[in-house]
Amino acid sequence: MTYTLTTPLYYVNDKPHLGSAYTTLACDAQARFQRLKGEPVLFITGCDEHGLKIQRTAEASGVSPQAHCDQVSETYEKLWQRWTISNDRFIRTTDPRHRQIVEQFYRRVEASGDVVEGRQQGWYCVACEEFKDDALGAEDPECSIHRRPLEWRDELNLFFRLSRYQAQIEALVSQPGFIAPASRRREVENFVAQGLRDFSISRLHLPWGIPVPGHADHTFYVWFDALLGYITALLEPGDPADLDLAITRGWPAHVHVIGKDILRFHAVYWPAMLLSAGLEPPQQVFGHGFLTREGQKMGKSLGNVLDPAELLEHYGRDAVRWYLLRDITFGDDGDFQQQRFLDLVNNDLANTIGNLLNRTTSMARRWFDNAVPPVSAGFMADHPLAAAAATARELVLAGMERLDFRQAAEAALQLAIAANGYLNEQAPWSRIKQGDGRLQVADDLYVVLEASRHVALLLAPLLPDLCERMLKQLGQPPLSSGAAGTWLEQLRWGVLEEGLPLPQPEPVMARLEPGE
RNA sequence: CGCGGGGUAGAGCAGUCUGGUAGCUCGUCGGGCUCAUAACCCGAAGGUCAGGAGUUCAAAUCUCCUCCCCGCCA
């Protein structure tokens with residue numbers, strides 16, 4: 001079955017921020033991991049482009065909404081390309097097929113009797129695209145999040161009868177594993193337990209949206225049409241816009257990865273909409289944490305926003321990916337600390353991993369004719385580094401499966417540390433000087449090279465670039481070429497070929513210089 | 001108000017479910033090595049586990065109370 005995973009469809013109100021990049025990077029690692037295991041994967045990302053907020057932003061900068069969306073979503077797409085994100089789809093909710101999918105979906109919900117007319121009255125925050133109940137008594141109320149004036153609305157809208165799904169959503173939400181990490185489940189359960197209320201799914205006289213069939217002047221509320229982008233995205237490029245066809249392409253999604261702020265939409269509203277339309281809810285909704293910078297919230301007003309495009313430019317893909325995925329527990333909030341970022345990248349990638357490869361290939365070349373040394377029979381199987389590699393492999397596989405990138409990264413790193421330690425214990429540089437030490441040195445270098453090869457492979461989902469550079473140093477064909485067999489096949493101890501020529505060593509990871 | 005998450009060495013965290021010498025990474029300090037990217041390896045210092053009370057032979061871990069941070073309540 002296809003492993004479908006999604007990032008949020010990012011709202012094109014502004015250029016991409018680090019949070020979006022973080023989510024996307026994490027999904028990319030997961031998508032790569034599943035592909036490496038041989039699973040068919042559908043990795044979906046894209047942009048959400050409707051709504052009043054977009055319309056106003058476009059107006060403010062004097063362009064049409066469509067032109068604005070084209071421009072911003074291109075920024076996203078280009079950025080993901082520069083990060084070599086491996087998404088299979090980039091869906092935009094202004095895609096013509098999306099409109100048809102939304103209409104078909106809506107017809108189903110309507111046919112289930114889940115659409116009713118109602119009067120929507122209250123204070124509205126355009127930035128949130130939400131009504132604010134807590135503002136009811138106040139005069140001149142502000143949005144507590146955006147600190148901008150709320151607008152009074154009183155209009156006839158179409159409502160989705162969410163209340164009918166109370167029992168089903170309660171059951172779904174309490175299902176172990178549906179909401180991840182588990183620590184966020186309670187929050188949603190409590191919300192549901194308060195009683196689900198119908199919510200409006202249309203807006204009146206809002207031109208920048210998808211028209212509601214059969215209701216002139218109504219367009220769909222952004223949150224109704226946006227999530228359906230996940231379904232539209234299932235379609236292959238040449239497919240007709242057909243809902244039944246779409247869901248055969250990889251539904252239900254295995255996981256929606258989102259920021260914790262939009263957990264409710266994904267874990268409550270969205271599954272109910274799907275049930276109403278006779279579709280399965282996603283298997284998991286993973287709400288990850290937010291990033292702060294040096295202990296402070298990032299925000300325009302503080303002027304401390306980290307731009308993912310700049311980070312990429314200054315430090316490169318591997319460094320940023322490593323820091324975000326290795327040092328921050330996926331799910332928890334995390335703090336981006338410049339000093340630690342530099343320390344970790346230099347220590348882990350340049351020193352521990354890069355230098356391990358460098359010193360080992362260099363010795364092998366010098367003493368064994370520029371090639372992988374021969375290993376004596378019987379030396380390999382019960383070797384401590386074989387055990388270390390097996391442990392690392394298990395921890396990486398198990399960790400990645402749970403989106404525990406930190407565990408996976410640390411496991412790969414531990415193998416490199418073990419290999420470095422083994423080298424220092426054996427000190428082949430001393431032993432080679434003793435006449436009878438040559439066979440032992442050959443064995444030792446072989447197992448360390450083999451351990452290094454495992455490190456490279458284990459890093460593949462997290463740091464695809466570094467992995468390929470390491471494999472090249474080890475005389476291996478590119479992993480992406482598939483020439484040496486599948487990833488799992490290569491992750492067996494002893495696959496490294498004796499006598500394989502080793503190229504001139506070159507640092508696979510440069511140290512980052514402080515002070516930028 | 002209610003609910004959820006959290007408060008453990010200079011920093012970031014694990015350990016809490018299933019009580020029993022407080023552990024990891026980074027930083028700091030000392031030693032070793034010289035194959036290697038001033039890289040690698042080993043060791044040390046550094047903690048009243050937010051505070052208080054209780055249960056227990058024994059509490060970071062269980063119970064109760066207090067304080068502080070973050071989040072949810074359409």
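Note that these values count all heavy atoms, side chains included, but never hydrogens, waters or copies made by symmetry.
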Tell me which nucleotide among B:C40, B:C41, B:U25 gets nearest to the side chain of A:Arg359. B:C40

Assigned partner base of B:C35, Watson-Crick or wobble definition, under 3.5 Å: none

Nucleotide B:G12, atom P - distance to CD of A:Glu294 in whole Å: 11 Å

Does A:Gly287 reach a base, just sugar-phosphate, or nothing at all? Heavy atoms under 4.0 Å. nothing

With respect to the side chain of A:Arg264, which nucleotide from B:C26, B:G71, B:A74 is positioned closest? B:A74

Using the P atom in both, what is the distance from B:U16 to B:G31, to the nearest Å? 38 Å

A:Ile353 atom CD1 is separated from B:C40 atom C1', nearest whole Å, by 14 Å

Quiz item: cation-pi between A:Lys260 and A:Phe290, 6.0 Å / 45°: yes

Between CD of A:Glu189 and P of B:C73 the distance, given in whole Å, is 16 Å

Does A:Glu294 use its side chain to pair, donor to acceptor, with the backbone of A:Gln338 at less than 3.5 Å? yes

Whole-Å distance separating the CZ atom of A:Arg197 from the C1' atom of B:A74: 6 Å

Measure CZ/A:Arg406 against P/B:G12 and give the value in whole Å, please. 12 Å

Winner on side-chain proximity to A:Ser362, out of B:U37, B:C35, B:G27, is B:C35

Looking for any heavy atom pair under 4.0 Å, which part of the strands does A:Arg431 touch: base, sugar-phosphate only, or nothing? nothing

Centroid separation under 6.0 Å, is that true for the rings of A:His288 and A:Phe405? no

Just to be sure I understand the rule, does A:Tyr269 reach a base, reach only the sugar-phosphate, or reach nothing, if contact means heavy atoms closer than 4.0 Å? base

Watson-Crick or G-U wobble partner for B:U48, using a 3.5 Å limit on both distances? none

Pairing check on B:G71: which nucleotide meets the Watson-Crick or G-U wobble criteria with it, both distances under 3.5 Å? B:C3

Take the protein atom CG of A:Leu162 and the nucleotide atom C1' of B:A74, then report the distance between them rounded to whole Å. 9 Å

Is it true that the NZ or CZ of A:Arg203 lies under 6.0 Å from the centre of A:Tyr221's six-membered ring and within 45 degrees of the ring axis? yes

I want to verify a distance call: between B:U37, B:C26, B:A74, whose nearest atom is closest to the A:Val508 side chain? B:U37

I want to confirm an ordering. Mapping A:Thr329 and A:Asp198 to their closest nucleotides on RNA chain B, which one lands closer to the 5' end? A:Thr329

Across the strands shown, which category fits A:Pro428 at heavy-atom distances under 4.0 angstrom: base, sugar-phosphate, nothing? nothing

Think A:Lys297 has a side-chain N or O under 4.0 angstrom from the OP1 or OP2 of B:C69? no

Against the side chain of A:Asp343, the closest entry in B:A36, B:U25, B:G27 is B:G27

Between A:Tyr315 and A:Phe341 (judged by ring centroids, cut-off 6.0 Å), do the two rings come close enough to count as a pair? yes

For nucleotides 2-8 of chain B, give me every protein contact, N/O to N/O, under 3.5 Å, one pair per line with atom names.
unit_1, atom_1, unit_2, atom_2, d
B:C3, O2', A:Asn190, ND2, 2.0

Measure CD/A:Gln337 against P/B:G10 and give the value in whole Å, please. 14 Å

Check for me whether A:Arg438 meets the cation-pi criterion with A:Phe368, that is, NZ or CZ under 6.0 Å from the six-membered ring centre and within 45 degrees of the ring axis. yes

Side chain of A:Asp333, heavy atoms from C-beta onward: which of B:C70, B:A74, B:C35 has the nearest atom to it? B:C70

N/O (side chain, A:Arg366) to phosphate O (OP1/OP2, B:A36) under 4.0 Å: yes

Pairing partner (Watson-Crick or G-U wobble, both distances under 3.5 angstrom) of B:U63: B:A53

Describe the nucleic acid contact of A:Asp327 in one word from base, sugar-phosphate, nothing, applying a heavy-atom distance below 4.0 Å. nothing

In whole Å, measure the gap between the P atoms of B:G5 and B:C62 for me. 13 Å

Under 3.5 Å on both distances, the Watson-Crick or G-U partner of B:U16: none

Under 4.0 angstrom, heavy atoms only, what part of the nucleic acid is A:Gly354 near: base, sugar-phosphate, or nothing? base

Do A:Asn351 and B:A39 share a donor-acceptor pair, side chain to base, under 3.5 Å? no

Quick check: A:Phe131 with A:Phe199 (ring centres under 6.0 Å apart)? no

How far, in whole Å, is B:A60 from B:U48 if one measures between their P atoms? 13 Å

Out of B:U37, B:A11, B:C35, which nucleotide sits closest to the side chain of A:Trp367? B:C35

Ignoring hydrogens and angles, does a donor from either the side chain of A:Asn424 or the base of B:C40 sit under 3.5 Å from an acceptor on the other? yes

Just name whichever nucleotide pairs with B:C26, Watson-Crick or G-U, keeping both distances under 3.5 Å, else none. B:G10

For the rings on A:Tyr106 and A:Phe220, is their centre-to-centre separation under 6.0 Å? yes

Rounded to whole angstrom, note down the C1' distance from B:U56 over to B:C41. 44 Å

Euclidean distance for P, B:U66 against B:G12 (whole angstrom): 27 Å

Pair A:Tyr230 + A:His266: ring centers closer than 6.0 Å: yes

For B:G71 versus B:G51, give the span between their P atoms, rounded off to a whole number of Å. 24 Å

Of the nucleotides B:C40, B:U25, B:C35, which has the atom closest to the A:Lys433 side chain? B:C35

Between the side chains of A:His256 and A:Trp270, is a donor N or O closer than 3.5 angstrom to an acceptor N or O? yes

So, A:Thr24 and A:Tyr10: side-chain donor and acceptor under 3.5 Å apart, yes or no? yes

Does A:Leu413 or A:Ile417 map to a spot on RNA chain B nearer the 5' end, using the closest nucleotide for each? A:Leu413

A:Arg511 has a side chain; which of B:U37, B:U34, B:G12 sits nearest to it? B:U37

A:Phe191 side chain: which of B:C73, B:C13, B:C35 is closest? B:C73

Between A:Arg293 (CZ) and B:G12 (C1'), how many Å, whole number? 17 Å

Distance in Å, A:Leu291 CG paired with A:Leu324 CG, rounded so as to fall on 0.5 Å steps: 6.0 Å

With rounding to whole Å, what would you report as the distance between B:G10 and B:C65 at their P atoms? 31 Å

What interatomic distance, in whole Å, is found between C1' of B:C73 and the corresponding atom of B:C3? 8 Å

